[in-house]
Amino acid sequence: MDENNTPIYEVKSAVFEGPLELLLSLIEQRKLFVNDIALAQVTDDYISYIKSLNNTPNEKHIADVSYFILVASTLILIKSKSLLPSLTLTEDEKDNISDLERRLELYKIIKNASIDIKSNFGAKIIFRPLERSWSDPFFSPDDMITISSMELSINSVLANLPKKEEKLPEVEIRKIINIDEVINSLTVRIQNAMNISFRDFAKSHNAQDINEARVHVIVSFLAMLELVREGIIDVIQNASFEDIQINKQVEEKAQ
Amino acid sequence: MELESKIEGLLFYKGEDVSINKIAELLKVSTSEVKEALAKLDQTLASRGVTIIYKDDSVMLGISRDLSPLIESIRKDEMTRELSKASLETLSIILYKSGVARSEIDYIRGVNSSFILRNLLVRGLIEKLPDEKDTRRFLYKPTFDTLSFMGVTSLDELPNYIDVRAQLGLVINQDENHD
Amino acid sequence: MELESKIEGLLFYKGEDVSINKIAELLKVSTSEVKEALAKLDQTLASRGVTIIYKDDSVMLGISRDLSPLIESIRKDEMTRELSKASLETLSIILYKSGVARSEIDYIRGVNSSFILRNLLVRGLIEKLPDEKDTRRFLYKPTFDTLSFMGVTSLDELPNYIDVRAQLGLVINQDENHD
């Protein structure tokens, strides 16, 4: 299968701070342009990277992982669409996809610009003059300097002190929970679409019309869902698996 | 004495950035007169040991970038030039898109930037100002120190400034239509 | 760049008198070359806002005498301007944690404090002393004038003195661990 012949890009050793950095690096390694085709091609590598993140439990990473997962759900959608052209995307889904492409483009511009910034930063400095001491300080108070105003000021300072450990904000946790739901419904959504497309496919019942490539596509998709199951979250229900089993039988018939 | 020279003396005395409004107020002239005189002073100082740095509506005098190695050799305190990849990206966004909200930075980088922003603030490489259009949020801008570290006398001397901004602007406009 | 301009940049950077020998050494030229260039610079600066001040075998850049009234008014402006919220907060940190380094103040406030400190120094509200443990850095303290202006004879008379110090101390220790 072609899918297995494509080289596997080594991303696990590198450390990526965010999903866009990882995605762009995967796309650039394959010398692709930023578009849905490129995104569909790198989805598996992307998911296996998240998988490796999950295998190295580090509480500090939980917030970061949530960013990766958010993008993963859009990628799965793009991949599904590329495998199942009959899958009709909703407006929201289309927006998510074009939004991801835009963000990647933006990120790419900044990443390239930051290379120039890095090479110029501190290379030739326009120095400030040293501190001046033109004349001796002359005591010039302000009526605002009183014990009570100083107490107010220090309290305001204390209120804004950096927190000891940046705790995972509640919002972040809620986001992670939502991703369970997002991927869950995404799986159901895509599987429904697959069954429908299979029905169309079976209706023709003509060996000539049975497109091997299409079968191959479905198998790949299953393999990908498997990755999702193992790698991200255990979202796929048994009932859903049975649906897929049906599809598999058809695949055997086709051969 | 000409206005140009008075401004030179004033900036020399201050040794830090001064807003054009403040200069006008102290010298009892209009801001447009100040701007005109600054343009002349800029010419006078060309190829000299001193140069004007412009940012937003403020100016300061610095030592010409060609003297950078000399000044560095006589400085006592060490300078940290190191910037992590994340700091560099964040700083680049703020340099090319001066006056940018944290949400926009997070959007472009795809991760939460609050820790990096705090770090850059403490290092004096960026500043945080309330957004005039929406006082509940803040906008981030580069500081004069960033310009001096980059060896540029104004933001538009940054590498490919117009180009990068156009690219960002284009994509960001699409985004605005989109939302 | 001409020697004359190099000297200008150097003197502008220093802001204090530098011996002609030192200039020659730094710029790797002879003292007679320095003297020649200084004579040229003197001419260049005629009618400008900045001027060379000769003192024995040393020189420095100063502000033209003609600008004295202007400088006087700038100084008055610096002295009488109302202290900003940021300035008052910085002063309160120095009061509660007398002998604090700039890096500590920056970390506590989450922004760079150099300009605010400079203004507080000029106004005689705080003073800066070299850190005995690390002579490259300075520690900031309130002046006696400030304490007596507030009617405080000893810092521990400040409200919640011990508690506030403890809270500030925690942050600073953490900072050290962090970097």
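In what follows, chains carry the letters A, B, and so on, assigned in the order in which the sequence lines appear, proteins first and then strands, with residues in each chain numbered from 1.
- Atom CD in B:Glu82 sits 8.0 Å away from atom NZ in A:Lys118 (nearest 0.5 Å).
- Proximity of A:Phe127 to B:Ser148: side-chain heavy atoms (C-beta onward) are nowhere separated by under 4.5 Å.
- Neither the backbone nor the side chain of B:Val50 comes within contact range of chain A; no heavy atoms are under 4.5 Å apart.
- Checking B:Val164, B:Asp163, B:Asn160, B:Ile108 one by one against A:Ile109, the side chain to side chain contact (heavy atoms under 4.5 Å, CB included) holds for a single residue, B:Val164.
- Side-chain atoms of A:Ile126 and B:Thr153, non-hydrogen and from C-beta on, do get closer than 4.5 Å to each other.
- Interatomic distance, CD of A:Glu21 versus NZ of B:Lys85, reported as 3.5 Å (0.5 Å rounding).
- B:Glu16 CD to A:Glu131 CD: the interatomic distance, rounded to the nearest 0.5 Å, is 9.5 Å.
- Contacts of B:Leu67 with chain A are absent, with no heavy-atom separation under 4.5 Å from either backbone or side chain.
- Neither the backbone nor the side chain of B:Thr90 comes within less than 4.5 Å of any heavy atom in chain A.
- For the set B:Ala86, B:Pro69, B:Gly110, B:Ser64, the entry with the most heavy-atom pairs within less than 4.5 Å of chain A is B:Gly110.
- Atom-to-atom distance recorded for B:Ser92:OG and A:Lys111:NZ is 12.0 Å, nearest 0.5 angstrom.
- Per-residue counts of heavy-atom pairs under 4.5 Å with chain A were compared for B:Leu147, B:Val152, B:Thr51, B:Leu83; the largest is that of B:Leu83.
- Neither the backbone nor the side chain of B:Leu70 comes within less than 4.5 Å of any heavy atom of chain A.
- For a heavy-atom cut-off of 4.5 Å, chain A lies close to B:Phe144, B:Asp145 in residues 131-146 of chain B.
- Within the 4.5 Å cutoff, the side chain of A:Leu106 has heavy atoms near those of the B:Tyr107 side chain.
- Considering only heavy atoms from C-beta on, A:Ile117 comes within 4.5 Å of B:Met150 through its side chain.
- Contact between B:Leu88 and A:Ser114 at its shortest, heavy atoms only, is CD2-O, 3.7 Å.
- Per-residue heavy-atom pair counts under 4.5 Å with chain B were compared for A:Ala113, A:Gly122, A:Ala123, and the maximum is reached by A:Gly122.
- Of all the listed residues (A:Pro129, A:Gly18, A:Ser119), the one sharing the greatest number of non-hydrogen pairs under 4.5 Å with chain B is A:Pro129.
- No other option in A:Leu130, A:Ile125, A:Leu20, A:Ile110 has as many heavy-atom pairs under 4.5 Å with chain B as A:Ile125.
- In this structure, B:Leu91 and A:Phe121 have side chains that are in contact, with non-hydrogen atoms separated by less than 4.5 Å.
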